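All heavy atoms count here, side chains included; hydrogens, waters and symmetry mates do not. Remember, predicted model here, so these are calculated numbers, not experimental data. One-based numbering along the sequence shown.
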Amino acid sequence: MKRILIADDHEAVRSGLRAVLERRADWEVVAEVTDGGRAVAAAIESHPHVAILDFSMPRMTGVEAARRIKDYPLQTEVLIFTVHNSGLIAQQAFEAGARAFLVKSDANKLLLAAVEALLLHRPFCTTSCVTEFGRGSGGSGERHHELTAREQLVVKLVAEGYSNKGISAILDLSVKTTEAHRAAAMRKLEVNSTAGLVRYAVRTGLVEA
């Protein structure tokens, strides 16, 4: 049996993915989780062949979860699943170790093909993202790419309403280090308020509006 992990914070999405995937008699969904941290833990525990990770999950993006999964000696292939047809997100996904990128609107027709490709250790990308990949997002997208992975995660958590102390607890950092990451992100993004960070996070898909 080929083992598959699904990470998405929407129950309807997880149910829909499971229904499509389990059309294959030799595929089994071994774990369903709602955020990136749980996705990493579930991958370590269940050793899935494929992990399908939503990009915009609470506390940790799918890209950051992919990066952490790839830090372990697992044979798990990662698919980043998103509503955003963004070359920038695709680029970040592949740089983090994911081998597939799929836009949710393409799931009905392409999900099985994407998972089949991953089971053969082959890359897969939503057709329309090939052009977007080379183009990037321009403007704020280029600034997004300038942020480090940790700075992006701090911005995401700020947008989700966490305080510096709360972010420090989640990321196991000192408050001083969290403040430094937050200040660096604000400087790079040329914003001077929490509201500016929130607008940026929504605009770039780090959090859902």
Write down the atom of Ile80, the atom of Ala98, and the distance for their closest heavy-atom approach.
CG1-CB, 3.9 Å
If the condition is side chain to side chain donor-acceptor pair (under 3.5 Å), which residues does Thr194 pass it with, not counting sequence neighbours?
Arg182
Do Leu79 and Phe124 have side chains that approach each other closer than 4.5 Å (heavy atoms only, starting at C-beta)?
no
Taking side-chain contact (heavy atoms from CB on, under 4.5 Å) as the test, write out the residues that go with Ala195, two or more places apart.
Ser193, Arg199
Show, in sequence, the C-alpha distance, side-chain angles and deciding distance for Val30 and Met1, and conclude whether the side chain to side chain contact (heavy atoms under 4.5 Å, CB included) test is met.
CA-CA 10 Å; Val30 294; Met1 294 290 287; over 6 Å; no
Between Leu118 and Arg99, which heavy-atom pair has the shortest distance, and what is it?
CD2-CB, 3.6 Å
Does anything in residues 147-176 form a salt bridge (Lys or Arg N to Asp or Glu O under 4.0 Å)? List the pairs, not counting sequence neighbours.
Glu151-Lys188, Lys156-Glu160
Is any side-chain heavy atom of Leu206 less than 4.5 Å from a side-chain heavy atom of Tyr200?
yes
Using a 3.5 Å cut-off and no angle test, enumerate the donor-acceptor pairs between side-chain atoms of residues 108-116 and protein atoms at least two apart in sequence or in another chain.
{"unit_1": "Glu116", "atom_1": "OE2", "unit_2": "Arg24", "atom_2": "NH1", "d": "2.5"}
{"unit_1": "Glu116", "atom_1": "OE2", "unit_2": "Arg24", "atom_2": "NH2", "d": "2.6"}

Any residue meeting salt bridge (charged side-chain N to carboxylate O under 4.0 Å, His left out) with Glu28, in chain and number order, not counting sequence neighbours:
none
For residues Val50 and Trp27, determine if any side-chain heavy atom of one lies less than 4.5 Å from a side-chain heavy atom of the other.
no
Show the numbers, then the answer: is there a side chain to side chain contact (heavy atoms under 4.5 Å, CB included) between Leu171 and Leu153?
CA-CA 9 Å; Leu171 300 182; Leu153 195 49; 3.4 Å; yes
What residues, two or more places apart in sequence or in another chain, satisfy side-chain contact (heavy atoms from CB on, under 4.5 Å) together with Thr177?
Leu173, Ser174, His181
d(Phe81 CZ, Thr126 OG1) to nearest 0.5 Å is 9.0 Å
Passes side chain to side chain contact (heavy atoms under 4.5 Å, CB included), Ile4 versus Leu17? Steps please.
CA-CA 10 Å; Ile4 302 172; Leu17 290 174; over 6 Å; no
Determine, using the 4.5 Å side-chain heavy-atom cutoff (strictly less than), whether Val78 and Tyr72 are members of one ILVMFWY cluster.
yes
For Ser56, enumerate each residue passing the side chain to side chain donor-acceptor pair (under 3.5 Å) test, keeping only those at least two apart in sequence or located in another chain.
none
Could you pull out all residues at least two apart from Glu32 that satisfy salt bridge (charged side-chain N to carboxylate O under 4.0 Å, His left out)?
Arg14, Arg18
Residue list, side chain to side chain donor-acceptor pair (under 3.5 Å) with Glu45, at least two apart or on another chain:
none
Qualifying residues under side-chain contact (heavy atoms from CB on, under 4.5 Å), relative to Ala39, sequence neighbours excluded
Leu5, Ala7, Val33, Leu53
Can you list everything that forms a side chain to side chain donor-acceptor pair (under 3.5 Å) with Ser168? Sequence neighbours excluded, please.
Thr178
Distance-minimising heavy-atom pair for Tyr162 and Ile167
CB-CG1, 3.7 Å
Over 60° means perpendicular and under 30° means parallel, so tell me whether Phe94 and Phe101 are parallel, tilted or perpendicular.
tilted
Can any side-chain N or O of Arg59 pair as donor or acceptor with the backbone N or O of Gly36 at less than 3.5 Å?
no
Interatomic spacing from CG in Asp8 to CE in Met57 - rounded to 0.5 Å
7.5 Å
Minimum side-chain heavy-atom gap Leu189-Leu147 below 4.5 Å:
yes
Indicate the atoms forming the closest heavy-atom contact of Ala42 with Pro48, along with that distance.
O-CD, 4.5 Å
Could you tell me if the side chain of His47 sits less than 4.5 Å from the side chain of Leu74, heavy atoms only?
yes
Quick one: does Met60's side chain get under 4.5 Å of Asp35's, heavy atoms only?
no
Would you list the pairs meeting salt bridge (Lys or Arg N to Asp or Glu O under 4.0 Å) in which at least one residue belongs to residues 78-91, sequence neighbours left out?
none
Do Gln152 and Glu64 have side-chain heavy atoms sitting under 4.5 Å apart?
no
Linking I/L/V/M/F/W/Y whenever any side-chain heavy atoms sit under 4.5 Å apart, do Ile44 and Ile69 land together?
yes
